[in-house]
Protein chains: 2
Amino acid sequence: MSKSGRITIRELARLAGVDKSIVSKVVNGVSAGQVSAVKQARIESLIQEHHYVPQNAARSLARRCNHQLAFLLTGPTQNSFANSAFSQILSGFAQQCRNLGYQCQVLSIESAELSAFLQPENLYRLGIDGCVLAGTNSELCPENLTAIRMPFLLLGWEYLRDVLPVISRDSSREYREMLDYGYSLGHRHIMYDSISPISQARFQKLAVHYPGVSVESCPADSQLDEFALAARQASAYAARPAGERPTLLWGSDHFCCSFATHLRQFGFSCPGDISIVSYSESWSAACYNPPLTTYSLDFRQWGSTAVEVILQIINGGLDLAASIELANHHIPRSIWQHRQSVCRLS
Amino acid sequence: MSKSGRITIRELARLAGVDKSIVSKVVNGVSAGQVSAVKQARIESLIQEHHYVPQNAARSLARRCNHQLAFLLTGPTQNSFANSAFSQILSGFAQQCRNLGYQCQVLSIESAELSAFLQPENLYRLGIDGCVLAGTNSELCPENLTAIRMPFLLLGWEYLRDVLPVISRDSSREYREMLDYGYSLGHRHIMYDSISPISQARFQKLAVHYPGVSVESCPADSQLDEFALAARQASAYAARPAGERPTLLWGSDHFCCSFATHLRQFGFSCPGDISIVSYSESWSAACYNPPLTTYSLDFRQWGSTAVEVILQIINGGLDLAASIELANHHIPRSIWQHRQSVCRLS
DNA sequence: GTGAAAGCGCTAACAC
DNA sequence: GTGTTAGCGCTTTCAC
C-alpha cells in the first residue's frame, strides 16, 4: 500500500507473484499474447478486488503526456459562462473529452488579462496536452500563440483563420443566408448587433448586393455590456420617426431579448413592429415571449468537434500549417429554428 | 533540456552550478535564509531566462497531492450546463480555484449514470484532491459517497445535510420568506414548480400557517423536462375555471419563462393573470418579457464558497463529521430582485 | 548553506 | 511470456 493510501502496481505485482511490468501491461490492455492467460486472470481479479487504478501523476510523468485538455474562456468579465453559447460549447467539450478518455480543465480569463496569460509559463503550468480558446472576441496576437509550443485551437476569431488553427463559422456565407431570408420577407432596413468593425464591414459589403436594403450596426461602447447596449438601442429606436426604424433585428440572444423587452416599454412589440432573429440558440431564446426565431450553430457540437480536432493535432504531431489546414476542414454551419419573432412585410 | 522540450530543474541546477534541491527551494519560495543571496539571484534569473516552470506530474508524484479539484455536474441529460444556475456556479468555482492556485476539472454526468460513476476507481482516476458535486437533485446514496475516501462536497441535496458535507440554502426559511411575500400581496393560491416530494412536503407544511392559502405543485413526470412540464401546466391552467387558477407561480427561471410564454398563447398574461417569482436569477429572467422578479442565491458566490470549503476540508484533513460541521456553517441566502412580474391583488 | 541520495508510482526498452 | 533495468522530474530528508 502506498503512502497515499492507494494500492500500487508494485503491491499488485507482489500479490500476483509477477513483475510490475506484467501488471502494467494488463492495466494498459496491451497484454494480448504477451501475458499468459493464467496470470492475466489472476492480475485482473486482483485489480478488481483492490480497486486498483493507476495514479495519474506517475503515469503522466512516465508517459510524458497528461491526457488533459484545457478549455480557456475569455470575455470582458470573468463571468462569460453566463453566456449560454459558451456554457454549451463547454458542455460538448467536456463530454467529448470524457468519451475520448481525456480530462477537461476549465479556466475563465478576462480579456484584459488574456495576453498576459497566454505566455508559455502559464500554459505549461497547467500540465495539459493542448488547449482550446473560446470567448467573445478579445484581441489576439497570433505571434504570442504560436510562440507557445503547445497544440491549441481557437473557437471563433474567424479572421485569424489563415494564420492560426481556427474553427469558426463562415460568416460571409451566413450573412448572405440571413440577408436572403430577411429580403425575401420584404425587410429592407436591417439592424445588426455586432460591435466588431470586421463583422460590420463584412456585413455591409454583402448588403450592397440587395437592392434597397440598408443595414446598420450598433455604435460601439466599451463601457456597456450587451444588455445595456440593447437598452440604448431600444431607446434610439423609439425616438426615430416611424418610417426610419429598422424592421428586422439580427443579434445574439442576449441582445435580442434585452432589446425586445426594453422596446416593449416604449409600446413597441415583436414581431408587430420589428422582426427579430437571434444568431445564438438557447432556451432563453426559445422560451422568450415571443419565442425567437434563431439561425445558430449547434454549440455543443462545436465543443465536441473541438476536442476531436485538437486531439488529431496532438496525436498526429501536426505542425502549425497542418493544424490550420485541419481546422479549416471543420467549418460548422448554422441551422434555422423558425419561431414567432419574425413576420413578413406586406 | 528534457525530452518533453522543457527545461528541467536538473538542467537549471547545472547551469547555476548548484544542486537541484537548492533550485527546488527557490522555485517553491522556501529559500528564505536557506539559500545564499547570490545563488538565489542567479537561480531566479535563470528561471526567468529559460521560462522554467516545474512539471505538474512530477510535482504531484513527489508531493502526493495534485492541486486539482473536480466540479461534477449531474442532471437528467449530459447537458446540464444549459441551466445557467449551474454554469454560474461553475464560473465562481473555476475562478476561485484559480485564485487559490488550484486547477479545475469539469465533468458532466447523467443522473442515470451517476451512482455507477461515484465509485472510488472513477474518482481516483481523475487525479484530484477533492471534488464538488452539483446538479439537479439526482438520487444519492450517502454510503457510496463516504466509501470514497476523498474530500467531497455537495451543492444542494439539502436533506442530506446531516450525513454528508452539504452547502445548501435553508429551504424552510426561504419558503417562509416566499410565502410571507406572496401572502402580503394578497395571493392565496400559489403554484410551486417542484417535482421533488421532499420539497413539496416541506412547502405544504409551511403553507398551513397561512390562513386561506392553498399551495399546489406539479404532477411529476420523468418523461418531461422542465419546459415541457411548464407547457403542460400552462394548458392545465388555462383549462381551469376562472376562480380556481393560481395567482402566483414560484419556479425556476426555465419553468417560469416557459410557463409564461405558453400561457400567453392561451391569452393569459403576466402579471395580469398570474404573478411570477423565479428562484433562480439569470439574465434570461432579467430580460424576459416581462422581466421576472427573482428570489435567488448568488450562484457564482456559491461556487466560490464551495472551493474555500473543500480546500479547508482537504488541507485541514477534516474527517466526515468535521466536514459536515464546517459545510453547515456556510448556508447561502437568497436575495430579492424586484422586477415586473408580480402584482398586488386587490 | 549545500548537496547526496532516496523515493514518489508508473512505463517501456530490452534481454532472457 | 517474463523480469530486469533505467528512467520520467521533482521533493524531501539528512548529513556535512
Side-chain angles (χ1 to χ4, degrees), chain A residues 1-44 46-47 50-67 121 124-127 129, chain B residues 1-44 46-47 50-67 121 124-127 129:
Chain A
M1 206 62 91
S2 83
K3 309 254 170 86
S4 75
R6 280 163 56 181
I7 195 171
T8 69
I9 201 172
R10 173 212 291 263
E11 274 293 286
L12 230 43
R14 201 182 52 71
L15 292 172
V18 301
D19 186 81
K20 291 188 301 172
S21 61
I22 305 296
V23 179
S24 178
K25 280 182 181 140
V26 173
V27 168
N28 292 297
V30 289
S31 49
Q34 307 243 42
V35 176
S36 73
V38 192
K39 302 203 168 173
Q40 163 104 18
R42 198 189 315 158
I43 293 169
E44 278 173 351
L46 243 18
I47 289 177
H50 294 276
H51 301 284
Y52 170 76
V53 21
Q55 189 167 303
N56 258 207
R59 216 178 218 195
S60 299
L61 187 56
R63 295 219 267 224
R64 270 167 288 276
C65 84
N66 308 84
H67 274 243
E121 287 91 329
Y124 289 159
R125 216 182 298 275
L126 298 178
D129 300 328
Chain B
M1 207 61 92
S2 84
K3 310 257 169 85
S4 72
R6 279 162 57 180
I7 195 170
T8 68
I9 200 172
R10 174 212 292 264
E11 274 293 287
L12 230 43
R14 201 181 51 73
L15 292 173
V18 301
D19 187 80
K20 292 188 300 173
S21 59
I22 304 297
V23 179
S24 178
K25 280 182 182 143
V26 173
V27 168
N28 293 298
V30 289
S31 49
Q34 307 243 40
V35 176
S36 72
V38 191
K39 300 202 168 173
Q40 164 103 16
R42 199 190 314 158
I43 293 170
E44 277 172 351
L46 244 17
I47 289 178
H50 293 276
H51 302 283
Y52 170 76
V53 20
Q55 188 167 303
N56 258 206
R59 221 179 214 194
S60 300
L61 187 56
R63 296 218 266 224
R64 271 167 287 277
C65 85
N66 309 84
H67 274 243
E121 287 90 328
Y124 289 159
R125 216 182 297 276
L126 299 178
D129 300 327

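Chain A is the first sequence line, chain B the second, and so forth, proteins listed ahead of strands; every chain is numbered from 1. Computed from a predicted model, the values in this text were never measured in an experiment.
For the ring pair (Phe, Tyr, Trp, His ring centres under 6.0 Å) test, no residue two or more places apart in sequence or in another chain qualifies with B/H51. Applying the side chain to side chain contact (heavy atoms under 4.5 Å, CB included) rule to A/R14 yields the partners A/E11; only residues at least two apart in sequence or on another chain are considered.
Atom CD in A/Q40 sits roughly 11 Å away from atom P in D/dG1 (whole-Å rounding). Regarding B/R10, its CZ atom lies at a distance of 14 Å from the C1' atom of C/dG3, rounded to whole Å. As rounded to whole Å, 16 Å separates atom P of D/dA15 from atom CD of B/Q34. Taking atom CD of residue B/Q55 and atom C1' of nucleotide D/dT11, one finds them 14 Å apart after rounding to whole Å. With rounding to whole Å, B/R14 atom CZ is found 14 Å from D/dG9 atom P. In this entry the distance linking CG of A/N66 with P of D/dG9 reads 12 Å, nearest Å. Following rounding to the nearest Å, B/H67 (NE2) and D/dC10 (C1') show an atom-to-atom distance of 14 Å. Atom C1' of nucleotide C/dC10 and atom CD1 of A/I7 are separated by 14 Å, given to the nearest angstrom.
In terms of phosphate contacts, B/S60 brings no side-chain nitrogen or oxygen within less than 4.0 Å of OP1 or OP2 of C/dC8.
Remark: the backbone N or O of B/V53 is paired with a side-chain donor or acceptor of B/R6 at under 3.5 angstrom. Remark: the backbone N or O of B/S60 is not paired with any side-chain donor or acceptor of B/N66 at under 3.5 angstrom. For the pair A/D19 (side chain) and A/A13 (backbone), a donor-acceptor distance under 3.5 Å is absent.
Contact annotation: the side chain of B/R59 approaches that of B/V27 to within less than 4.5 Å [non-hydrogen atoms, C-beta and beyond].
The residue among B/V18 and A/L61 whose nearest nucleotide of DNA chain C is located toward the 5' end is B/V18.
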What one-letter contact string describes nucleotides 11-16 of chain C from 5' to 3', where B marks a base within less than 4.0 Å of any protein heavy atom, S marks contact via sugar-phosphate atoms alone, and - marks no contact?
BB----
